[in-house]
Structures are given as structure tokens and as C-alpha cells.
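Notes follow the structure.
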Amino acid sequence: MRAAVLREYNAPLSIEDVAEPACPEDGVVLKVMACGVCRSDWHGWTGEHPRVKPGQIGGHEYCGEVVEAGPLATHKLGDKLIAPFILACGTCPSCQEGNQNTCPNQRLPGFIEPGAFAEYVAVPFDHNLAHLPENLSPTVAAGLGCRVTTAWHALTGRAALQPGEWLAVHGTGGIGLSALLLGIAMGARVIVVDIVEEKLTHAKGLGAEAAVNAADGDVAAKIKEITGGGAHVSVEALGLPVTTNASIECLRPLGRHVQVGMPVGHTATMEINMSAVYLGNLALYGTRGMPPWKYPSLLALITSGRIDMSPLVAREIGLSGVSDELAAFNGPTPPGVAVITDFLS
Ligand SMILES: [Zn+2]
Ligand SMILES: [Zn+2]
């Protein structure tokens, strides 16, 4: 099958003909219908992601159709499925408590085992997968493997965002746009922050009530002014010290910061304003992924038509276009994300 393989960090992926994956006993092989290119893939490509090594086939934000099912699989041939990027074991204490995204036995296609920058991907623990709703396009559904689900869990499972609250979103990439759209659907008033004016305009067109260009400085003060005292909830979607501090400092007393961006490599440890946390009686939440039992609530919201996630996708690309998308993350990116829908070009 055709796959895009990481051979050398920071160099174009190698498009190769590789063996099709073997079917796991407790899972399936999917023919990949769509796979997003995510900032986490970029972390792997730069060599900063601690687990991604040369030889890796990336791609963790995918949906596909079952072409092979193992004897212990939950799903069957022909099923069209959405996969969360964290595949939990289902039996450990974390899983049994419903916190599958913290499962210590988790499997991670695209990071440790071969991912979906390929025609086919092997998916163990297929009980984590959800059926692709009929009225949802695979291109949009790919985001339900990582960015949309991560944002949904950040807002509902971690920060418990309430209607009428102010939500600040720092960084309007895939996660940030997801948080914006979901936040609006939840009845929050959303302020977006970015350094790319075009992305701020795009976000305002999607319903952001206010936009702050971080390049002009003083992000926290501006948000406090716009919101009359600070945001109730703030999402950091980049994993950088400057945006993490702006996110913490823009909160009102008792506000909730959610770390969604992945601090990795040189930002894995960072200096943050703990005085603001102390004085503001703030809560800091970390979040990663989403337990798959939350798919029904999210899919119900999307398929009801109350929220349109399609503005998230800016362009559909071929497999050979992934390298350019990864390189683009080296600098400020245009609005929206790229999704591979053609694995033969
Ligand atoms: Zn991702
Ligand atoms: Zn588990």
C-alpha cells in the first residue's frame, strides 16, 4: 500500500510502497477514508515528540471502513468508523472508571505504531471506535479523532463551560476553531486570540464575539476589558509559554484554564505566572483526548445540525501533500486545517 513515512526529521516524508498492516486479534484494519494533518504530527516530524522515531507512519486523526476484522473485534466488515487517537484497553481501572483517555495501556497509531498517512491502518482495541453518522462527511469526521473531540472534552469534561460564560481561545488552529464552534454551541461568548489577522477575521465570521491580535501585545488586559473582568474559561491551544501565560492571566477570579496545546520539546517545562493562579484562585486543567463514551453526545450535537464543523476543514489534499502541510506549521498558518482524502496522489 502507499504510505507517507518519516525517514528524517524536518525533511519531506518519503512516499513508499509498504506492506499492508496485519489485522490485530482485538481490532480491525480500516481502509482510510480521510486523515487530518495535526500539529501533533508536526511535533513528531520535527523530532520534538518524545515517542515519534524515524520509520514512523504518522496520522492519528482518521476515519475509515473496516476491510478486515480480528476474531475478538467489536466491529464488522463494511462498518464505517471514527477512531479516537487514544485507543484504550477497556479493562484497566482508568478505563473502568470512564477515564479511557488516561489508560496506561493505550495504543497510539500515528505516534508509536503505524498511523493513517497510508491507504490502510491497523486499529487494535476497536471497541473505542464509533460509527460514522450517515450525514457526516468523512472529511469533517476525521477531526473527530483528535481536535474536535479534544476540544469537546476540554470544555465539557474538564472546564464544565456554562452558557453565558466568556470563553477565551488562545490559538485558532484546528483545536482553537473546534473550541470556538463548540463553545458557541454551548451558549458561551467566545473571544479568540491569534497573531494572524486573517484567522481572526475567519473566526469572527464563525461567530466569535471578539478577536484580539496577540501581536499587538497586552492580550490579558484586553480580554479583561472586553469581558468586564476576565474570561471564565480559557483554552490554550498551542503549548507555548507566551500563550499559556496569556491564558492564565486573562481569567477572572475563580477562572479555569485548560491546557490543550501540547507542551513538548523545548516548551515541555515552562515558566508560568503562579502568582496569578494564587491571587485569582484559579484552576488549571490538563487535558488530552476524550474518553470514547462521549462520542454519542458530541455526534448528536453535530448531526442535529445545531453546529456545523465543516468550516474547520480548509482544504482536501493528497497523501503527497502532507509534507508541505507539516512544513507550514513551522510558521503562522492560514485558517482551517488540511485533510487527506486522496491516498493515491
Ligand atoms: Zn492531533
Ligand atoms: Zn485501560
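Bear in mind that the values here come from a model prediction, so they are computed numbers and not experimental data. For ligands, and for the atoms within them, numbers begin at 1 and follow the listed sequence.
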Legend entry - Angular separation of C89 SG and C95 SG about the Zn ion (ligand 2), given to 10°: 110°

Legend entry - Ion pair check, E249 and K224, cut-off under 4.0 Å: no

Inset, instruction - Please determine if E165 and R256 form a salt bridge, counting it only when a charged side-chain N lies under 4.0 Å from a carboxylate O. - result: yes

Inset, instruction - With V322 as reference, evaluate D41, L13, I15 under the side chain to side chain contact (heavy atoms under 4.5 Å, CB included) test and give the passing residue. - result: L13

Inset, instruction - To the nearest 10 degrees, calculate the angle at the Zn ion (ligand 2) involving SG of C92 and SG of C103. - result: 120°

Legend entry - the Zn ion (ligand 1): angle it makes with SG (C146) and NE2 (H60), nearest 10 degrees: 120°

Legend entry - Closest approach of V264 to H49 (non-hydrogen atoms, all atoms of both residues): CG2-CA, 3.9 Å

